[in-house]
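Only a predicted model underlies this, so the values are computations on that prediction, with no experimental measurement involved.
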Amino acid sequence: MKSHNFQYLLDLIGGEYFEDIDPFYKGNLSQSDLQNPNRKVKKGDTYGYNFNFLANTLDVFTQFRFAYNKTEFFLAQSYSVSDYRREGLYQNGLYPTTSLGKSENVNFENFGFKGGFTYKISGKQLLFFNATHLTRAPSLRNTFSNSRLNNNIVDGIESENITSAEANYVYRSSKLKLRLTAYYTLIKNTSKTSFFYAEGIFDNGAGYDATDAFVSQTLTKLDKKNTGAELSFEYQISSTFKTNLSAAFGNYIYSSNPNVMITNDSNKAKDGAQTTFNFGESYLKNYKQPGMPQQAYSFGLEYRDPKFWWLGANINYLAESYIDVSPISRTSQFYINPANGFPFPEATSERGNELLKQEKFNPITLLNLSGGKSWRIRKKYIGLFASVNNVLDLVYKTGGFEQARNANFRALNQDVSSGTPSFGPKYYYGYGRTYFLNLTIGL
């Protein structure tokens with residue numbers, strides 16, 4: 001794979017050119033490309049950052065399957081080699097020696113094993129079990145700490161380690177279909193890189209004149225544990241009516257306290273100043289993972305008419321969704337006053353727990369309708385399908401994240417206590433009522 005990453009000027013909005021410098025710095029430090037200083041960028045030009053991601057991956061796997069009257073089982077093995085590299089096309093003024101050209105090779109060698117067993121209780125019932133253990137290379141993006149500016153590789157980056165198992169019971173008859181599942185997954189050594197502007201993040205010992213900075217944050221040794229159970233149920237009430245029910249109950253948590261590294265590129269403005277700081281552990285263990293409801297229930301009813309039209313309704317209930325928490329706010333550094341290096345005197349554990357309590361979103365109930373009809377006209381098939389989702393037009397949050405701008409206790413406490421926080425959480429919202437119509441003509 002070769003992935004080209006760059007900024008691209010779409011429109012000058014009436015201007016003649018754009019000067020390719022960073023106005024927050026002076027001299028060579030402000031240059032995006034020292035080989036073309038003070039470059040005038042015009043429409044269609046690249047600017048700011050310009051680099052390639054290079055990756056070579058080899059995957060090999062084997063699988064053996066055995067089938068008998070009552071039982072089936074399989075064994076599988078995998079082996080992969082991944083080779084990552086960044087190729088800088090600009091010589092950035094902040095990192096003149098580590099931005100241009102190719103980085104060192106980052107190599108990952110991974111193995112995996114998987115097995116499964118099926119037992120046929122009868123023609124209608126069966127049990128099956130699957131288990132796997134494998135290692136997986138981190139994503140290319142998370143391997144480099146700030147790929148826009150330099151070739152630096154995340155310190156301590158490792159392959160992810162994944163262990164997973166599931167057990168299933170299945171029942172199938174002419175009228176009833178049923179499936180029960182229980183599962184367990186442990187993902188270890190995940191890494192994650194993000195960028196944000198933080199106020200009050202550094203103390204006077206950081207080698208920087210101000211306590212505010214735009215930083216990159218890298219988490220390493222982040223573990224996740226997912227456990228849960230699922231049920232799916234479908235019953236044919238009559239030749240025309242069918243009902244279905246499904247339920248999912250999970251518990252998805254962080255199961256470790258990852259390490260937090262903060263990089264402040266602004267410190268390159270001071271000769272010999274430190275740019276990367278170890279903030280130690282972020283106490284994320286037992287916090288909920290964001291991005292999905294951890295409980296979901298659905299009930300549906302469908303009518304199919306002998307005259308080739310059908311109508312269905314489905315109601316979904318989603319609960320236990322959580323916001324993405326700020327790791328830096330869960331470090332011990334959060335309680336340190338950057339002005340003097342001592343803990344804030346007003347930082348009590350009770351108030352800290354209030355400020356850092358993970359937000360849980362309200363449960364939501366969504367009603368969806370769908371229907372369709374088909375015709376056969378002169379040996380041609382015509383099909384019509386229509387659906388309306390979120391019929392009740394509910395406004396609901398699907399996710400969000402805590403802003404990390406208030407990087408210490410006092411700043412966050414004052415912002416929250418104001419009643420109208422300037423840097424409160426950011427939220428994502430689901431669609432309101434939506435419509436879909438599809439017409440198919442078979443020639």
Does the ring center of [X] lie less than 6.0 Å from the ring center of [Y]?
X	Y	answer
Y47	Y90	no
F128	Y169	no
F64	F74	no
Y287	Y254	no

Stepwise ring pair (Phe, Tyr, Trp, His ring centres under 6.0 Å) test for F66 and F73: CA-CA 5 Å; F66 305 87; F73 67 93; 4.8 Å; yes
Using the six-membered ring of Y17, assess whether NZ or CZ of K40 lies under 6.0 Å from its centre and within 45 degrees of the ring axis.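 Flagged: K40 positioned over aromatic ring of Y17.
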I want to check something: taking the side chain as every heavy atom from C-beta on, are [X] and [Y] in contact at a cut-off of under 4.5 Å?
X	Y	result
I121	L126	no
I323	Q358	yes
L89	N52	yes

Should the pair [X] and [Y] be assigned to parallel (<30°), tilted (30 to 60°) or perpendicular (>60°) ring geometry?
X	Y	answer
Y8	F6	perpendicular
F117	F129	parallel
F51	Y49	tilted
F195	F214	parallel

Would you please say whether a donor-acceptor pair under 3.5 Å links the side chains of [X] and [Y]?
X	Y	value
S99	Q91	no
N389	R433	no
Y427	E359	yes
N110	T135	yes
N38	Q31	yes

For Y252, side-chain hydrogen bond (donor to acceptor under 3.5 Å, both in side chains) partners two or more places apart: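 side-chain hydrogen bond (donor to acceptor under 3.5 Å, both in side chains) list for Y252, sorted by chain: Y183.
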With the threshold set at 4.0 Å, does a side-chain nitrogen-carboxylate oxygen contact exist between R39 and E19?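 So R39 does not pair with E19 through a salt bridge.
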Basic-acidic side-chain contact under 4.0 Å: D324, K192: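 Yes, charged N to carboxylate O under 4.0 Å.
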Spatial distance of atom CG (L301) from atom CD1 (I315) [nearest 0.5 Å]: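 Here the interatomic distance stands at 12.0 Å.
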Using the rule side-chain hydrogen bond (donor to acceptor under 3.5 Å, both in side chains), only one of K288, K225, E320, Q289 pairs with N251; which is it?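 The residue from K288, K225, E320, Q289 that satisfies side-chain hydrogen bond (donor to acceptor under 3.5 Å, both in side chains) with N251 turns out to be K288.
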